[in-house]
Amino acid sequence: MITFSFDGKHIEAEPGQTVGAALIAAGHRSWRLTRKDGKARGIFCGIGVCFDCLATISGGPNQRACLTEVRPGDVVETQEGAGHGDLAC
Amino acid sequence: MSWKHRKGPDMAISPADGSYDIAVLGAGPAGLSAAAAAAAQGSRVVLIDAAPRPGGQYWRHRAGEDRLPAPLRAALEAVTFLPSHAIWHIERTDSGFTIHALPDREIDCRTVVVATGAYDRQLPFPGWTLPGVFTAGGVQALLKGQGVVAGNRIAVAGTGPFLLPVAAGLAEAGGQVVGVFEAGRPTAFLRHPLALSRNVSKIFEGAGYLRRLRRYRIPFSTRTTVVQAHGTESVTGVTVARLDSNWTIVSKRRIDCDTVAVGYGFTPQTEIPRQLGCEMVVDADGSLCGQGR
Ligand SMILES: Cc1cc2nc3c(=O)[nH]c(=O)nc-3n(C[C@H](O)[C@H](O)[C@H](O)COP(=O)(O)OP(=O)(O)OC[C@H]3O[C@@H](n4cnc5c(N)ncnc54)[C@H](O)[C@@H]3O)c2cc1C
Ligand code: FES
(Lines give C-alpha, C1' and ligand atoms only; values in the text may rest on other atoms or scores of the structure.)
(Ligands and ions follow the chains in the order given, each with its own letter.)
Protein backbone atom coordinates (compact mmCIF):
# COMPACT_ATOMS: atom_id res chain seq x y z
CA MET A 1 0.00 0.00 0.00
CA ILE A 2 1.07 3.56 -0.69
CA THR A 3 -0.38 6.54 1.10
CA PHE A 4 -1.42 10.03 0.08
CA SER A 5 -3.60 12.78 1.50
CA PHE A 6 -6.95 14.10 0.32
CA ASP A 7 -8.07 17.43 1.80
CA GLY A 8 -5.95 16.60 4.86
CA LYS A 9 -7.25 13.02 5.24
CA HIS A 10 -4.94 10.04 5.05
CA ILE A 11 -5.82 7.66 2.13
CA GLU A 12 -4.30 4.33 1.11
CA ALA A 13 -3.90 3.17 -2.47
CA GLU A 14 -2.61 0.03 -4.12
CA PRO A 15 0.49 0.47 -6.28
CA GLY A 16 -0.54 1.49 -9.81
CA GLN A 17 -3.97 2.69 -8.70
CA THR A 18 -5.25 6.03 -9.96
CA VAL A 19 -6.06 8.89 -7.59
CA GLY A 20 -9.74 8.66 -8.61
CA ALA A 21 -10.00 4.91 -8.03
CA ALA A 22 -8.28 5.15 -4.64
CA LEU A 23 -10.62 7.97 -3.57
CA ILE A 24 -13.71 5.99 -4.61
CA ALA A 25 -12.41 2.89 -2.83
CA ALA A 26 -12.03 5.08 0.29
CA GLY A 27 -15.66 6.25 -0.01
CA HIS A 28 -15.09 9.69 -1.57
CA ARG A 29 -17.03 10.62 -4.69
CA SER A 30 -16.29 14.23 -5.44
CA TRP A 31 -13.15 16.34 -5.52
CA ARG A 32 -14.07 19.29 -7.69
CA LEU A 33 -16.56 22.15 -7.36
CA THR A 34 -17.83 23.64 -10.62
CA ARG A 35 -16.86 27.17 -11.61
CA LYS A 36 -20.29 28.83 -11.60
CA ASP A 37 -22.46 27.02 -9.09
CA GLY A 38 -19.91 25.19 -6.92
CA LYS A 39 -21.57 21.82 -7.67
CA ALA A 40 -19.72 18.65 -6.70
CA ARG A 41 -18.07 16.52 -9.38
CA GLY A 42 -16.04 13.29 -9.43
CA ILE A 43 -15.50 10.50 -11.95
CA PHE A 44 -17.93 10.20 -14.87
CA CYS A 45 -16.30 8.51 -17.92
CA GLY A 46 -13.39 6.93 -16.05
CA ILE A 47 -11.17 6.92 -19.16
CA GLY A 48 -9.90 10.47 -19.54
CA VAL A 49 -12.39 11.88 -22.05
CA CYS A 50 -14.88 13.99 -20.04
CA PHE A 51 -12.61 16.01 -17.70
CA ASP A 52 -15.22 15.87 -14.90
CA CYS A 53 -12.70 14.37 -12.46
CA LEU A 54 -10.20 17.26 -12.35
CA ALA A 55 -8.38 17.69 -9.05
CA THR A 56 -5.41 19.58 -7.69
CA ILE A 57 -2.66 17.00 -7.24
CA SER A 58 0.55 17.95 -5.46
CA GLY A 59 0.10 21.59 -6.35
CA GLY A 60 -0.93 21.10 -10.00
CA PRO A 61 -4.57 21.93 -10.75
CA ASN A 62 -6.68 20.38 -13.55
CA GLN A 63 -5.26 16.85 -13.37
CA ARG A 64 -7.55 14.02 -14.41
CA ALA A 65 -7.89 11.87 -11.30
CA CYS A 66 -9.14 8.92 -13.38
CA LEU A 67 -5.80 8.70 -15.24
CA THR A 68 -3.24 10.02 -12.74
CA GLU A 69 -1.55 7.24 -10.80
CA VAL A 70 -0.97 7.87 -7.10
CA ARG A 71 2.60 8.55 -6.05
CA PRO A 72 3.57 8.08 -2.40
CA GLY A 73 3.02 11.29 -0.46
CA ASP A 74 0.81 12.96 -3.11
CA VAL A 75 -1.27 15.83 -1.71
CA VAL A 76 -4.69 15.78 -3.39
CA GLU A 77 -7.02 18.73 -2.86
CA THR A 78 -10.58 19.44 -3.94
CA GLN A 79 -10.31 21.79 -6.89
CA GLU A 80 -12.52 24.87 -6.72
CA GLY A 81 -13.49 26.21 -10.14
CA ALA A 82 -10.58 26.39 -12.56
CA GLY A 83 -8.14 25.73 -9.73
CA HIS A 84 -6.39 29.08 -9.89
CA GLY A 85 -7.69 30.61 -6.64
CA ASP A 86 -8.98 34.16 -6.97
CA LEU A 87 -7.90 34.31 -10.61
CA ALA A 88 -10.45 31.64 -11.51
CA CYS A 89 -12.26 32.39 -14.72
CA MET B 1 3.28 23.67 -17.43
CA SER B 2 2.44 22.40 -13.99
CA TRP B 3 2.37 18.70 -14.71
CA LYS B 4 5.64 18.26 -16.58
CA HIS B 5 7.07 16.65 -13.47
CA ARG B 6 4.71 13.67 -13.85
CA LYS B 7 6.76 11.93 -16.53
CA GLY B 8 5.60 8.48 -17.59
CA PRO B 9 7.95 5.55 -18.11
CA ASP B 10 10.24 6.35 -21.02
CA MET B 11 10.90 3.33 -23.22
CA ALA B 12 11.44 5.11 -26.51
CA ILE B 13 14.34 4.22 -28.76
CA SER B 14 14.12 6.51 -31.76
CA PRO B 15 15.28 5.24 -35.13
CA ALA B 16 18.50 6.79 -36.35
CA ASP B 17 16.90 9.41 -38.59
CA GLY B 18 14.30 10.26 -35.96
CA SER B 19 11.27 9.22 -37.96
CA TYR B 20 9.02 6.18 -38.28
CA ASP B 21 7.30 4.57 -41.25
CA ILE B 22 4.07 4.14 -39.32
CA ALA B 23 2.71 5.63 -36.09
CA VAL B 24 -0.19 3.68 -34.60
CA LEU B 25 -2.27 5.82 -32.24
CA GLY B 26 -3.91 3.74 -29.50
CA ALA B 27 -2.77 0.36 -28.13
CA GLY B 28 -6.16 -1.34 -27.84
CA PRO B 29 -7.03 -4.52 -29.77
CA ALA B 30 -7.17 -2.59 -33.07
CA GLY B 31 -3.93 -0.64 -32.60
CA LEU B 32 -1.97 -3.64 -31.29
CA SER B 33 -3.07 -5.72 -34.27
CA ALA B 34 -2.20 -2.94 -36.73
CA ALA B 35 1.22 -2.42 -35.12
CA ALA B 36 1.94 -6.17 -35.13
CA ALA B 37 0.96 -6.51 -38.79
CA ALA B 38 3.02 -3.49 -39.86
CA ALA B 39 6.08 -4.62 -37.89
CA ALA B 40 5.81 -8.12 -39.42
CA GLN B 41 6.17 -6.48 -42.86
CA GLY B 42 9.40 -4.84 -41.73
CA SER B 43 8.09 -1.33 -41.13
CA ARG B 44 9.54 0.84 -38.38
CA VAL B 45 6.54 1.27 -36.10
CA VAL B 46 5.86 3.47 -33.10
CA LEU B 47 2.79 2.63 -31.00
CA ILE B 48 1.54 5.43 -28.75
CA ASP B 49 -1.06 5.26 -25.95
CA ALA B 50 -2.10 7.59 -23.14
CA ALA B 51 -2.57 4.67 -20.75
CA PRO B 52 0.32 3.24 -18.73
CA ARG B 53 -0.39 -0.32 -19.97
CA PRO B 54 -1.29 -1.69 -23.43
CA GLY B 55 -4.65 -3.38 -24.13
CA GLY B 56 -7.16 -0.55 -24.51
CA GLN B 57 -10.63 -1.04 -23.06
CA TYR B 58 -11.05 -4.70 -23.95
CA TRP B 59 -7.78 -5.96 -22.45
CA ARG B 60 -7.73 -3.38 -19.65
CA HIS B 61 -5.89 -4.88 -16.67
CA ARG B 62 -4.45 -3.93 -13.33
CA ALA B 63 -0.83 -2.99 -12.71
CA GLY B 64 1.20 -6.20 -12.43
CA GLU B 65 -1.27 -8.30 -14.48
CA ASP B 66 -0.92 -9.27 -18.14
CA ARG B 67 -4.01 -9.91 -20.27
CA LEU B 68 -2.56 -9.52 -23.77
CA PRO B 69 -2.56 -12.59 -26.05
CA ALA B 70 1.01 -13.90 -26.38
CA PRO B 71 1.43 -13.04 -30.11
CA LEU B 72 0.52 -9.39 -29.50
CA ARG B 73 2.72 -9.23 -26.40
CA ALA B 74 5.57 -10.59 -28.56
CA ALA B 75 4.78 -8.09 -31.32
CA LEU B 76 5.28 -5.25 -28.82
CA GLU B 77 8.97 -6.21 -28.80
CA ALA B 78 9.23 -5.39 -32.50
CA VAL B 79 7.85 -1.86 -32.18
CA THR B 80 8.70 1.24 -30.20
CA PHE B 81 5.97 1.38 -27.57
CA LEU B 82 5.31 4.72 -25.87
CA PRO B 83 2.84 4.21 -23.00
CA SER B 84 1.63 7.15 -20.85
CA HIS B 85 1.80 9.50 -23.85
CA ALA B 86 -1.39 11.44 -24.60
CA ILE B 87 -1.60 12.71 -28.18
CA TRP B 88 -3.00 16.24 -28.25
CA HIS B 89 -2.09 17.48 -31.73
CA ILE B 90 -1.04 16.15 -35.12
CA GLU B 91 0.21 18.26 -37.98
CA ARG B 92 0.77 17.37 -41.61
CA THR B 93 4.35 17.92 -42.82
CA ASP B 94 6.02 17.64 -46.24
CA SER B 95 7.10 14.08 -45.50
CA GLY B 96 4.09 12.91 -43.48
CA PHE B 97 3.03 13.90 -39.98
CA THR B 98 4.39 15.25 -36.71
CA ILE B 99 2.61 13.92 -33.63
CA HIS B 100 2.65 15.98 -30.46
CA ALA B 101 2.22 14.00 -27.26
CA LEU B 102 2.29 14.86 -23.57
CA PRO B 103 4.50 14.76 -21.67
CA ASP B 104 6.57 16.70 -24.17
CA ARG B 105 7.40 14.60 -27.19
CA GLU B 106 7.28 15.10 -30.95
CA ILE B 107 7.27 12.07 -33.23
CA ASP B 108 7.70 12.18 -37.01
CA CYS B 109 6.20 9.52 -39.24
CA ARG B 110 5.17 8.93 -42.84
CA THR B 111 1.82 7.26 -42.11
CA VAL B 112 -0.64 7.46 -39.23
CA VAL B 113 -3.06 4.71 -38.18
CA VAL B 114 -5.75 6.06 -35.85
CA ALA B 115 -7.00 3.37 -33.43
CA THR B 116 -8.13 5.51 -30.53
CA GLY B 117 -11.32 3.53 -29.81
CA ALA B 118 -14.66 4.75 -28.60
CA TYR B 119 -16.46 6.15 -25.62
CA ASP B 120 -19.87 5.54 -24.04
CA ARG B 121 -22.73 7.29 -25.79
CA GLN B 122 -24.76 9.30 -23.27
CA LEU B 123 -28.35 10.55 -23.31
CA PRO B 124 -28.41 13.27 -20.63
CA PHE B 125 -31.18 13.17 -18.00
CA PRO B 126 -31.91 15.31 -14.91
CA GLY B 127 -29.29 14.52 -12.29
CA TRP B 128 -26.75 12.95 -14.68
CA THR B 129 -23.96 15.21 -13.38
CA LEU B 130 -24.34 14.07 -9.75
CA PRO B 131 -21.37 12.23 -8.27
CA GLY B 132 -22.39 8.57 -8.33
CA VAL B 133 -23.60 8.66 -11.94
CA PHE B 134 -20.92 7.00 -14.08
CA THR B 135 -20.74 5.77 -17.64
CA ALA B 136 -21.16 1.99 -17.88
CA GLY B 137 -17.69 1.80 -19.42
CA GLY B 138 -16.26 3.92 -16.61
CA VAL B 139 -17.65 1.53 -14.01
CA GLN B 140 -16.18 -1.38 -15.97
CA ALA B 141 -12.81 0.39 -16.23
CA LEU B 142 -12.76 0.98 -12.46
CA LEU B 143 -13.44 -2.69 -11.88
CA LYS B 144 -11.12 -4.20 -14.51
CA GLY B 145 -8.29 -1.69 -14.35
CA GLN B 146 -8.38 -0.67 -10.70
CA GLY B 147 -10.12 -3.43 -8.75
CA VAL B 148 -12.67 -0.93 -7.42
CA VAL B 149 -16.46 -1.45 -7.29
CA ALA B 150 -17.99 1.96 -8.04
CA GLY B 151 -20.72 1.80 -5.35
CA ASN B 152 -22.85 -0.31 -3.06
CA ARG B 153 -26.34 -0.33 -4.64
CA ILE B 154 -25.98 0.08 -8.38
CA ALA B 155 -28.52 0.62 -11.17
CA VAL B 156 -27.22 -0.36 -14.63
CA ALA B 157 -29.08 1.34 -17.49
CA GLY B 158 -29.00 2.18 -21.19
CA THR B 159 -28.92 -0.06 -24.23
CA GLY B 160 -26.86 -2.87 -25.60
CA PRO B 161 -25.23 -6.15 -24.63
CA PHE B 162 -22.37 -4.37 -22.80
CA LEU B 163 -24.70 -3.69 -19.83
CA LEU B 164 -24.81 -7.44 -19.07
CA PRO B 165 -21.10 -8.09 -18.39
CA VAL B 166 -20.94 -4.80 -16.46
CA ALA B 167 -23.77 -5.90 -14.13
CA ALA B 168 -22.43 -9.46 -13.79
CA GLY B 169 -18.92 -8.19 -13.00
CA LEU B 170 -20.20 -5.79 -10.34
CA ALA B 171 -22.25 -8.52 -8.65
CA GLU B 172 -19.34 -10.97 -8.71
CA ALA B 173 -17.12 -8.33 -7.10
CA GLY B 174 -19.60 -7.78 -4.27
CA GLY B 175 -21.75 -4.90 -5.54
CA GLN B 176 -25.51 -5.10 -5.16
CA VAL B 177 -27.01 -4.51 -8.61
CA VAL B 178 -30.59 -3.28 -8.13
CA GLY B 179 -31.46 -3.91 -11.77
CA VAL B 180 -30.38 -3.83 -15.40
CA PHE B 181 -32.67 -1.44 -17.27
CA GLU B 182 -32.44 -1.95 -21.04
CA ALA B 183 -34.24 0.79 -22.96
CA GLY B 184 -34.55 -1.27 -26.14
CA ARG B 185 -36.08 -4.64 -26.80
CA PRO B 186 -33.01 -6.71 -27.67
CA THR B 187 -35.00 -9.77 -28.74
CA ALA B 188 -36.55 -7.85 -31.66
CA PHE B 189 -33.75 -8.93 -34.02
CA LEU B 190 -34.34 -12.61 -33.23
CA ARG B 191 -37.23 -12.42 -35.70
CA HIS B 192 -34.71 -11.87 -38.52
CA PRO B 193 -33.26 -15.27 -39.52
CA LEU B 194 -30.13 -13.78 -41.10
CA ALA B 195 -29.22 -11.75 -38.04
CA LEU B 196 -29.90 -14.84 -35.96
CA SER B 197 -27.64 -17.14 -37.97
CA ARG B 198 -24.79 -14.61 -38.11
CA ASN B 199 -24.76 -14.01 -34.36
CA VAL B 200 -25.10 -17.47 -32.84
CA SER B 201 -21.99 -17.17 -30.66
CA LYS B 202 -23.08 -13.71 -29.45
CA ILE B 203 -26.51 -15.07 -28.54
CA PHE B 204 -24.91 -17.84 -26.47
CA GLU B 205 -22.63 -15.27 -24.82
CA GLY B 206 -25.66 -13.11 -23.97
CA ALA B 207 -27.51 -16.10 -22.56
CA GLY B 208 -24.49 -16.85 -20.36
CA TYR B 209 -24.55 -13.32 -18.94
CA LEU B 210 -28.30 -13.56 -18.31
CA ARG B 211 -27.67 -16.80 -16.35
CA ARG B 212 -25.05 -14.98 -14.28
CA LEU B 213 -27.56 -12.18 -13.58
CA ARG B 214 -30.14 -14.73 -12.45
CA ARG B 215 -27.61 -16.37 -10.14
CA TYR B 216 -27.29 -13.02 -8.34
CA ARG B 217 -31.06 -12.37 -8.56
CA ILE B 218 -30.51 -9.21 -10.59
CA PRO B 219 -33.76 -8.06 -12.24
CA PHE B 220 -33.41 -7.52 -16.00
CA SER B 221 -36.07 -5.26 -17.57
CA THR B 222 -36.41 -4.32 -21.22
CA ARG B 223 -38.06 -1.15 -22.58
CA THR B 224 -37.08 0.45 -19.27
CA THR B 225 -34.44 3.00 -18.38
CA VAL B 226 -33.25 5.53 -15.81
CA VAL B 227 -34.75 8.98 -16.54
CA GLN B 228 -33.67 10.87 -13.42
CA ALA B 229 -31.03 10.61 -10.70
CA HIS B 230 -31.93 12.04 -7.29
CA GLY B 231 -29.71 13.51 -4.58
CA THR B 232 -27.95 16.76 -3.72
CA GLU B 233 -24.30 15.89 -3.03
CA SER B 234 -24.40 12.37 -4.45
CA VAL B 235 -26.92 9.87 -5.86
CA THR B 236 -29.57 8.61 -3.39
CA GLY B 237 -31.97 7.08 -5.90
CA VAL B 238 -33.24 6.98 -9.47
CA THR B 239 -36.51 7.23 -11.32
CA VAL B 240 -36.89 4.31 -13.68
CA ALA B 241 -39.39 4.61 -16.54
CA ARG B 242 -41.15 2.00 -18.61
CA LEU B 243 -41.05 2.96 -22.31
CA ASP B 244 -43.23 2.13 -25.29
CA SER B 245 -41.74 1.17 -28.65
CA ASN B 246 -41.16 4.88 -29.49
CA TRP B 247 -39.31 5.42 -26.19
CA THR B 248 -42.20 7.46 -24.78
CA ILE B 249 -42.58 7.13 -21.02
CA VAL B 250 -45.50 4.90 -20.02
CA SER B 251 -44.99 4.73 -16.25
CA LYS B 252 -42.38 5.61 -13.60
CA ARG B 253 -41.17 4.26 -10.30
CA ARG B 254 -38.45 5.23 -7.85
CA ILE B 255 -35.63 2.96 -6.72
CA ASP B 256 -33.13 3.58 -3.92
CA CYS B 257 -29.51 3.25 -4.99
CA ASP B 258 -26.23 5.14 -4.59
CA THR B 259 -24.75 4.52 -8.03
CA VAL B 260 -25.85 4.58 -11.68
CA ALA B 261 -23.85 2.97 -14.51
CA VAL B 262 -25.34 4.24 -17.76
CA GLY B 263 -24.45 3.89 -21.44
CA TYR B 264 -26.29 3.74 -24.75
CA GLY B 265 -23.63 1.85 -26.67
CA PHE B 266 -20.41 3.43 -27.89
CA THR B 267 -19.46 6.17 -30.31
CA PRO B 268 -16.00 6.52 -31.92
CA GLN B 269 -13.40 9.00 -30.68
CA THR B 270 -13.12 11.21 -33.75
CA GLU B 271 -10.98 14.06 -32.38
CA ILE B 272 -7.83 13.07 -34.26
CA PRO B 273 -9.41 12.34 -37.67
CA ARG B 274 -11.35 15.60 -37.45
CA GLN B 275 -8.18 17.49 -36.53
CA LEU B 276 -6.56 16.03 -39.64
CA GLY B 277 -9.49 17.16 -41.79
CA CYS B 278 -10.69 13.64 -42.62
CA GLU B 279 -14.09 13.39 -44.24
CA MET B 280 -16.75 12.43 -41.69
CA VAL B 281 -19.99 10.50 -42.18
CA VAL B 282 -22.92 9.65 -39.94
CA ASP B 283 -23.08 5.89 -39.40
CA ALA B 284 -26.24 3.73 -39.36
CA ASP B 285 -26.51 4.11 -35.55
CA GLY B 286 -26.11 7.90 -35.65
CA SER B 287 -22.41 7.88 -34.70
CA LEU B 288 -20.03 10.32 -36.37
CA CYS B 289 -17.29 8.27 -38.08
CA GLY B 290 -14.18 9.03 -40.09
CA GLN B 291 -14.02 8.18 -43.77
CA GLY B 292 -11.30 8.86 -46.30
CA ARG B 293 -7.86 10.28 -45.63
C1 LIG C 1 -14.86 2.87 -20.92
C2 LIG C 1 -15.03 1.67 -21.82
C3 LIG C 1 -14.95 0.38 -21.28
C4 LIG C 1 -15.12 -0.73 -22.11
N5 LIG C 1 -15.02 -1.97 -21.55
C6 LIG C 1 -15.17 -3.07 -22.34
C7 LIG C 1 -15.10 -4.38 -21.78
O8 LIG C 1 -14.86 -4.52 -20.58
N9 LIG C 1 -15.30 -5.44 -22.59
C10 LIG C 1 -15.55 -5.27 -23.93
O11 LIG C 1 -15.73 -6.26 -24.65
N12 LIG C 1 -15.64 -4.04 -24.48
C13 LIG C 1 -15.46 -2.94 -23.73
N14 LIG C 1 -15.55 -1.70 -24.29
C15 LIG C 1 -15.81 -1.57 -25.75
C16 LIG C 1 -14.47 -1.31 -26.51
O17 LIG C 1 -14.66 -0.15 -27.27
C18 LIG C 1 -14.06 -2.48 -27.40
O19 LIG C 1 -14.25 -3.72 -26.75
C20 LIG C 1 -12.57 -2.51 -27.83
O21 LIG C 1 -11.71 -2.26 -26.72
C22 LIG C 1 -12.27 -1.52 -28.92
O23 LIG C 1 -10.93 -1.71 -29.35
P24 LIG C 1 -10.08 -0.55 -30.01
O25 LIG C 1 -8.71 -1.06 -30.19
O26 LIG C 1 -10.81 -0.03 -31.20
O27 LIG C 1 -10.11 0.67 -28.95
P28 LIG C 1 -9.74 0.74 -27.40
O29 LIG C 1 -9.66 -0.59 -26.79
O30 LIG C 1 -10.66 1.77 -26.82
O31 LIG C 1 -8.26 1.35 -27.44
C32 LIG C 1 -7.99 2.68 -27.80
C33 LIG C 1 -6.72 3.12 -27.12
O34 LIG C 1 -6.40 4.42 -27.60
C35 LIG C 1 -5.91 5.19 -26.56
N36 LIG C 1 -6.13 6.60 -26.88
C37 LIG C 1 -7.30 7.21 -27.20
N38 LIG C 1 -7.10 8.52 -27.43
C39 LIG C 1 -5.78 8.75 -27.24
C40 LIG C 1 -4.95 9.91 -27.33
N41 LIG C 1 -5.43 11.13 -27.68
N42 LIG C 1 -3.63 9.78 -27.04
C43 LIG C 1 -3.11 8.56 -26.71
N44 LIG C 1 -3.84 7.45 -26.63
C45 LIG C 1 -5.16 7.53 -26.89
C46 LIG C 1 -6.66 4.73 -25.33
O47 LIG C 1 -5.90 4.98 -24.15
C48 LIG C 1 -6.86 3.24 -25.61
O49 LIG C 1 -5.89 2.45 -24.97
C50 LIG C 1 -15.38 -0.57 -23.49
C51 LIG C 1 -15.45 0.74 -24.02
C52 LIG C 1 -15.28 1.84 -23.20
C53 LIG C 1 -15.36 3.22 -23.80
S1 FES D 1 -13.70 10.81 -15.37
FE2 FES D 1 -13.83 11.55 -17.38
S3 FES D 1 -11.84 12.40 -17.61
FE4 FES D 1 -11.71 11.47 -15.69
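Proteins come first, then strands; the chains are lettered A, B, ... in the order of their sequence lines, and each starts at number 1.
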key: Exam field: side chain B:Gln146 to backbone A:Ala21, donor-acceptor pair closer than 3.5 Å   = no

inquiry  = If you count heavy atoms of other groups shown closer than 6.0 angstrom to OH of B:Tyr216, is the number above 12?
reply    = yes

ask   = To the nearest 0.5 Å, how far apart are CZ in A:Phe44 and CG in B:Leu130?
value = 11.0 Å

Which atom of A:Pro15 lies closest to which atom of B:Ala63, heavy atoms considered = O-CB, 4.0 Å

query = Can you name the closest pair of heavy atoms from A:Ile24 and B:Val149 and give their distance?
reply = CG2-O, 4.3 Å

task = Enter the distance from A:Lys39:NZ to B:Thr129:OG1 here, rounded to the nearest 0.5 Å.
result = 7.0 Å

ask   = Is it the backbone or the side chain of A:Ile43 that comes under 4.5 Å from a heavy atom of chain B, or both, or neither?
value = both

query = Mind checking whether B:Arg60 and A:Ile47 have side chains closer than 4.5 Å, heavy atoms only?
reply = yes

ask   = For B:Glu271, is it the side chain, the backbone, both, or neither that has a heavy atom closer than 4.5 Å to a heavy atom of chain A?
value = neither

task = State whether A:Glu69 and B:Arg53 are salt-bridged, where the test is any N-O pair (Lys NZ or Arg NE/NH1/NH2 against Asp/Glu carboxylate O) under 4.0 Å.
result = yes

ask   = Of the backbone (N, CA, C, O) and the side chain (C-beta and beyond), which part of B:Thr259 lies under 4.5 Å from a heavy atom of chain A, both, or neither?
value = both

query = If you tally heavy-atom pairs under 4.5 Å against chain B, which of A:Ala25, A:Gly16, A:Cys45 wins?
reply = A:Cys45

inquiry  = Counting only non-hydrogen atoms closer than 4.5 Å, does B:Gln140 touch chain A with its backbone (N, CA, C, O), its side chain (CB onward), both, or neither?
reply    = neither

ask   = Between A:Asp52 and B:Phe134, does a side-chain contact (heavy atoms from CB on, under 4.5 Å) hold up when you go through it step by step?
value = CA-CA 11 Å; A:Asp52 235 16; B:Phe134 300 85; over 6 Å; no

task = Go through the atoms of B:Ala150 and report whether side chain, backbone, both or neither lie under 4.5 Å from a heavy atom of chain A.
result = backbone

key: Smallest separation among heavy atoms of A:Gly46 and B:Ala141, with atom names   = O-CB, 4.3 Å

message = List the residues meeting salt bridge (Lys or Arg N to Asp or Glu O under 4.0 Å) with B:Asp66, not counting sequence neighbours, and say none if there are none.
response = B:Arg73

message = Holding to salt bridge (Lys or Arg N to Asp or Glu O under 4.0 Å), I want the full list of residues that pass it with B:Asp256, two or more places apart in sequence or in another chain.
response = none

message = Quick test of your reading of the model: are A:Arg29 and B:Glu233 salt-bridged, counting only N-O distances below 4.0 Å?
response = no

